[in-house]
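For reference, the structure is listed below as structure tokens.
Please read these numbers as outputs of a predicted model, since none were measured by experiment. Sequential numbering from 1 along the given sequence is applied to the chain's residues.
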Amino acid sequence: MSFLRVENISKSFSGLKALSNISFEVTEGTVLGLMGANGAGKTTLSSVIAGHVEPSSGTVSFRGRRLTGLRPDQVCRAGICRTFQVVRPFRGMSVQENVLVAALYGSSGHRPAVESKRRAAEALAAVGLVGSRGLQAGVLTLSGQKRLEIAKALATGAAVVMLDEVMAGLTPAEIGEMMETLLQLRKSRNVTIIIVEHVMGALMKLSEHILVLDHGVQIAYGTPQEIAVNPMVAEVYFG
């Protein structure tokens with residue numbers, strides 16, 4: 001049984017084709033990078049997988065279960081959670097309360113409060129926010145708020161976390177720290193990660209495989225080493 005399978009996904013908006021017959025599989029515990037210029041279809045693809053956008057055709061399945069047609073909350077409770085490029089925490093609530101909300105309402109089935117608190121605490125520790133748990137989310141730095149979004153995704157119990165430009169706007173030092181956090185998450189929690197990122201050095205280092213999109217078309221798929229020498233990718237990026 002495949003872990004996560006995307007088959008022939010296409011999506012059009014008012015006649016404009018944003019995605020065209022995208023197919024790939026993701027193995028449990030690995031990191032898949034989504035690469036492409038602005039407008040290539042990366043965020044649309046993430047939205048289709050997460051249930052925020054219904055595809056025009058094709059299917060998404062997870063652990064043998066068809067997800068296409070499910071609401072975002074149902075996809076999340078099935079085990080796939082995403083973050084967004086523009087962070088939107090509950091600014092007036094504490095960091096801990098933000099993560100606790102995700103632990104309570106983002107998971108499948110009834111979860112006792114004590115279990116939710118434990119999961120929230122573990123998620124905060126995993127992203128290095130234990131010392132900030134009592135602060136209001138709105139006072140965190142951009143790096144802190146992006147870490148908070150990851151913690152919220154982890155607290156749902158997600159097996160797959162999709163990250164949308166989690167390093168955008170960060171300083172070089174913060175990018176390095178974020179990369180170490182993501183590498184440790186994969187090692188310690190066996191979390192499967194799908195990451196959209198324009199910081200190419202980070203994407204190449206983090207990913208085991210990279211899917212390259214250009215105007216909604218899948219033009220390459222392979223290891224970072226294969227993508228780095230792919231002539232079609234070079235043509236799209238450098239002309």
Is any side-chain heavy atom of V196 less than 4.5 Å from a side-chain heavy atom of L163? no
F62-F3 aromatic ring centre distance below 6.0 Å: yes
M204 side chain near I210 side chain, heavy-atom distance below 4.5 Å: yes
Checking K11 side chain against K17 main chain: does a donor-acceptor pair fall under 3.5 Å? no
Just jot down the side chain to side chain donor-acceptor pair (under 3.5 Å) partners of K152, sequence neighbours excluded, or say none. E149
Kindly indicate whether the side chain of E25, heavy atoms from C-beta on, has any atom under 4.5 Å from the side chain of H209. no
Identify each donor-acceptor pair in which a side-chain atom of residues 78-85 lies under 3.5 Å from a protein atom, sequence neighbours left out, and give them as a table.
from, atom 1, to, atom 2, distance (Å)
R82, NH1, S47, OG, 2.9
T83, OG1, D164, N, 3.4

Heavy-atom check, side chain of L104 versus side chain of L100, under 4.5 Å: yes
Going by heavy atoms in the side chains, are I22 and Y221 under 4.5 Å from each other? no
For residues V26 and V160, determine if any side-chain heavy atom of one lies less than 4.5 Å from a side-chain heavy atom of the other. no
Short question: side chain of T171, backbone of E174 - any donor-acceptor pair under 3.5 Å? yes
Distance, nearest 0.5 Å, that separates OG of S207 from CG of L34: 8.5 Å
Of all heavy-atom pairs between L19 and G41, which one has the smallest distance, and what is that distance? CD2-O, 3.5 Å
With a 6.0 Å cut-off (strictly less than), is the heavy-atom count around CZ of F90, excluding the residue itself, greater than 12? no
Under a 3.5 Å distance rule, please check whether K42 uses its side chain to pair with a backbone N or O of E197 as donor and acceptor. no
Would you indicate whether the side-chain heavy atoms of R65 and L70 approach each other to under 4.5 Å? yes
Checking K146 side chain against M178 main chain: does a donor-acceptor pair fall under 3.5 Å? no
Got a donor-acceptor contact below 3.5 angstrom from the T44 side chain to the A18 backbone? no
Which atom pair, heavy atoms only, marks the closest approach of P55 to T68? CG-CG2, 3.7 Å
Side-chain donor-acceptor pair under 3.5 Å between S94 and R133, yes or no? no
Measuring from atom CD of Q96 to atom CG of L129, what distance do you get when rounded to the nearest 0.5 angstrom? 11.5 Å
Hey, does the side chain of T156 reach the backbone of A158 with a donor-acceptor pair shorter than 3.5 angstrom? yes
If you count heavy atoms of other groups shown closer than 6.0 angstrom to NE2 of H52, is the number above 12? yes
At what distance, to the nearest 0.5 angstrom, does OG1 of T192 lie from CG of L185? 12.0 Å
Can you name the side chain to side chain donor-acceptor pair (under 3.5 Å) partners of E208, sequence neighbours left out? R186
